[in-house]
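One structure below.
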Amino acid sequence: MLTIFAKLLKLLNSDQNPSHLALAVCFGLAVGLMPSFSLFLLILFILVCLIKANLTLFFLVWGLFEGIAYVFDPALHQLGYGLLTNVSFNELWGGMIQSSFWKLTAFNNSLVMGASAVILALWVPVYVLTIYLVKSYRGSMQAMVEKFKIVQMLKGSKFYKLYEELGA
Amino acid sequence: MKGMIRWSGLGIAAVLIVLAFFVLEPLLKFVIEQAGTRALSTKVTLDEVAIDWSEPSLALTGLEVADKKQPLKNQVEVDEISINIDAFEALSGHLISDQATLKGIQFNTARSESGELGDIVTLSNVDEKVSSSASEALSLPGLDLPDIDELVTKENSLTYQRYQALRQYVDANKDAFKKRIDALKDEKKIDDYKARFDEIKNAKGFMGKLKMVSKAKKLKKDIDRDLKDAKSLRKDFDATVAEIRRRVDELQDSPKQEADHLLHKIGVEGGTEQVAQVLFGPELKGYLKQLKELTSGSESAENKPEEVVVERGKGLFVSFEQEKPLPLVWFKQSLISGDFSGLGIPFAFNGTASDITDQQTLTGEPTTVDLELLNEKVKSANVGATFDIRHQQVITINGTMKGYQVEKLPLSGDFELSDGLADLVANIKTEGDALSGDVKMDMNTVSLTSTGDMFEKYPSAKEALASIERIDANAVLGGSLDNPAVDITSNLDDVLSTVLNKALEGQLEVYKAQVTEKLETMLQAEMSDADAIKTDYLGMSGDIDGAKDVLGGLLGGL
């Protein structure tokens, strides 16, 4: 837990482009929510490799959203099932199922559809919010946060120093 | 945008794509297992999937399809399936190929782990081995006849029942006749008639005689009425006596008739007819029931899952109407090989199949199979089958077998086919559950023996059995797969029937005589009584005639 917190603190205090951090959050969220049997997952991994998203943060958020996805699995299924069985989209899904590519994405799976809908809905807000939060933190909250006893304890610990020396 | 691209990541992405090829095989294994399980509503597992990029083709090894009814058994197991198909096409979950090779097809094999799905509890059915042969043992008359004392009892005796009926009839009529005779022979009345007769006879003078004319007319009328009654009584009496005579005669023959009836009841008549039916019928019915078990598997392939339990992390696949909906499996032309021993048919097989699929409604073609059956005891055997489950299930099986060396084949009714060389031609068709067709068998160098002690008492029958060198049998199939009707005719019927009937004739005669004697002894008193009834009745006849004579005499005087 401390390691994660230290990692997060280090990232926020670094001069990393906020948009790279925001992308990492978005990709972490997407990969965490997306079921493993969809081609979307491979596409997301390739994009993470190609786009300058912070990988440390990506892995952190991925882990977090794996847990969230497990907890919210029934809700994601319900959402996806509702979309897939909604008459208004019937023509769209009917057209997509003719394509092998879309079949490989398993879009007609309730969990994939539910996760995809949540990812698409959250992507832009999460991206914008993350940039805003990072910028806010660095602009006004960084100095205040560093004064917290727990942060000072953490930064004074051998572990944090070792962590900084290793450049993790 | 330029600042967004991680060029170093390009290499990693390339590595990822290459790695994806390595995970493609386990991914395909997962996809096929999932799609198969969904489509067949039973657990489908694979040992391994190997992709050959040069062909391109897929090799699936260790395919197991669990039996829904018995989760610890596989309905079908295939050692190796080679399919000419692009791996990416297979990722969509559809295995559709123009050419396929299926090796090591086996049925009813054991599973290492249960094939149950979800929480559905399926109690494994106890193997219902066909045991009809045990229930249809050959019954030959005279060999196992029941004890005479048990067979013949007074309460159940037809003769005794006839005697009692006669007794009742006689008692009822005797009283009525006695009353009528007494009324006719009434002395007071006769004396009155005589007094009136004397008065008429002794009348004097013209006027006196004239007066008596009307009295004489009245007397004549009375006597005529009584004579008419006497005639009617005679007529009724004669009819009753005739009936009593008939019944007494019937009673005399009754023990013999009853003996025949009892022998018929215990199956003496026709006991040796259709020997082949009894010998081969149960075995053939057993094979037909296996056909039912085999076909019930193909029916289930068309069934959709009744209830899907959504597992966490797996979701639910929603089906949409496709322009060209495809089945899960469609091997248009296949080379197949395997073993039928799991179905109780001792043959390996090798052959071709066309349009192997899980959904014929989508392919629009029936599945046809052309197999060469292999067994070291058979010179040659071929079977062609068509499975059409597009609408109503129609299965046609045509098979020929030549030079089937039969050794120590147990038959029903303590018989054993020790040796024989059989040629078989079978044409079987099922439509829904209805069964039709025929099976012709020509067996040479036959050695048929009885394993029980049935023929020990009958050396001639044993000899006849040993002398049979050739069996021609023709089985006509009908009924349903659940309850097949098999009508077998064979030269065995004539040969054994003649010999056995002759051998049994003597014993049956003795038995019949014993039954008759027992009945006669048991009903000796009743039979004597029947004769006495007849005599007693004949005595009453004199009384009627006496009354008639008296009345006739009076009337003659008038």
So, the part of A:F45 with a heavy atom under 4.5 Å from chain B: the answer is both
If one checks every heavy atom of A:L76 against chain B at 4.5 Å, the contacting part turns out to be neither
Chain B shares the most heavy-atom pairs under 4.5 Å, among A:P74, A:G114, A:G95, with A:P74
Across all chains, not counting sequence neighbours, the side-chain hydrogen bond (donor to acceptor under 3.5 Å, both in side chains) partners of B:S8 are none
Hits for side-chain hydrogen bond (donor to acceptor under 3.5 Å, both in side chains) against A:N109, two or more places apart or cross-chain, chain-then-number order -> none
On a heavy-atom basis, the closest approach of A:T85 and A:Y81 is OG1-O, 2.6 Å
field: Main-chain N/O of B:L46 paired with B:E33 side-chain donor or acceptor, under 3.5 Å
entry: yes
